[in-house]
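Since the structure comes first, as structure tokens, the remarks are kept for the end.
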Amino acid sequence: MALGSLDPVTTARVVLILALLAGALFFTFVSMAGVIRLPDVYARAHTASQADTLGAGFGLAAVALTLGWQGASVKTAILLFFIFVTNPTAAHAVARAAFEDGNVPWTEGDERR
């Protein structure tokens, strides 16, 4: 069944699901590259918190849109809320623990990399 043979609402829904999945993949890969490439724990915690939250958010939104109005969509929305609350909180806890441990942020010209 080709995408063009569907009604316009279904076609728009499929296109939106694919766009959300593309956004999820993009932000997840940005987060992965940031964790690998960035120089210190503060920058890594920042990228893991921000980009990974967006990646998970877009992915869960695509899942909820795919499932439609059912109980699993409600659970997906609750999981999305949980990720939006806990991911930044965990990144803050990691950065605070690093600061209290004496790790100084990376600055321009610093040899650590």
Side-chain angles (χ1 to χ4, degrees):
M1 183 151 103
L3 191 60
S5 66
L6 300 174
D7 64 48
V9 174
T10 305
T11 303
R13 184 175 174 202
V14 169
V15 168
L16 183 58
I17 290 169
L18 292 175
L20 287 169
L21 286 176
L25 285 172
F26 172 75
F27 283 111
T28 302
F29 282 124
V30 166
S31 177
M32 175 195 63
V35 168
I36 292 172
R37 298 280 304 158
L38 291 175
D40 67 345
V41 67
Y42 303 107
R44 289 176 182 165
H46 176 74
T47 190
S49 165
Q50 300 258 332
D52 200 31
T53 301
L54 280 172
F58 282 139
L60 288 172
V63 168
L65 190 58
T66 301
L67 293 174
W69 293 103
Q70 41 179 297
S73 294
V74 173
K75 291 176 186 174
T76 304
I78 292 170
L79 183 60
L80 181 62
F81 174 76
F82 180 73
I83 287 174
F84 276 156
V85 171
T86 58
N87 243 0
T89 305
H92 176 76
V94 167
R96 186 174 181 119
F99 180 76
E100 290 177 357
D101 194 38
N103 288 338
V104 294
W106 181 85
T107 56
E108 189 70 34
D110 199 346
E111 293 302 317
R112 299 177 296 158
R113 192 100 179 144

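The structure displayed is predicted, hence computed values, not measured ones.
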Asp101 side chain to Asn103 main-chain N or O, any donor-acceptor pair under 3.5 Å?
no

Ser73 OG to Ile78 CD1 distance, which is reported to the nearest 0.5 Å
11.0 Å

Look up atom CG in Leu65 and atom OG1 in Thr76, then write down how far apart they are to the nearest 0.5 Å.
11.0 Å

Which heavy atom of Gly59 sits nearest a heavy atom of Ala24, and at what distance?
N-CB, 3.4 Å

Please name the pair of heavy atoms, one in Ala91 and one in Ala45, separated by the smallest distance, quoted to 0.1 Å.
CB-O, 3.6 Å

Is Ile17 linked to Phe26 within one hydrophobic cluster, defined over Ile, Leu, Val, Met, Phe, Trp and Tyr using a side-chain heavy-atom separation of less than 4.5 Å?
yes

Under 3.5 Å donor-acceptor, Thr47 side chain and Val35 backbone
no

Interatomic distance, CG@Asp40 vs NE2@His46, rounded to 0.5 Å, equals 11.5 Å

Among residues two or more places apart or on two chains, list those pairs meeting side chain to side chain donor-acceptor pair (under 3.5 Å) that have a residue in residues 80-97.
Thr53-Asn87, Arg96-Glu100

Tell me whether Leu21 is reachable from Leu16 by hopping between hydrophobic residues (I, L, V, M, F, W, Y) whose side-chain heavy atoms are closer than 4.5 Å.
yes

Rounding to 0.5 Å, atoms CZ (Arg44) and CZ (Arg37) come to a distance of 10.5 Å

Can you tell me which residue pairs pass the ring pair (Phe, Tyr, Trp, His ring centres under 6.0 Å) test with a partner in residues 66-89, sequence neighbours excluded?
none

Contacts of type ring-ring contact (aromatic ring centres under 6.0 Å, His included), residue Tyr42, not counting sequence neighbours:
none

When hydrophobic residues are tied together by side-chain contacts of less than 4.5 Å, even through go-betweens, does Val30 share a cluster with Phe58?
yes

Verify same cluster id: Ile83, Val94 (apolar side-chain graph, 4.5 Å):
no

Side-chain donor/acceptor of Ser31 to backbone N/O of Phe27, under 3.5 Å:
no

Side-chain heavy atoms under 4.5 angstrom apart, residues restricted to Ile, Leu, Val, Met, Phe, Trp, Tyr: same cluster for Leu54 and Leu20?
yes

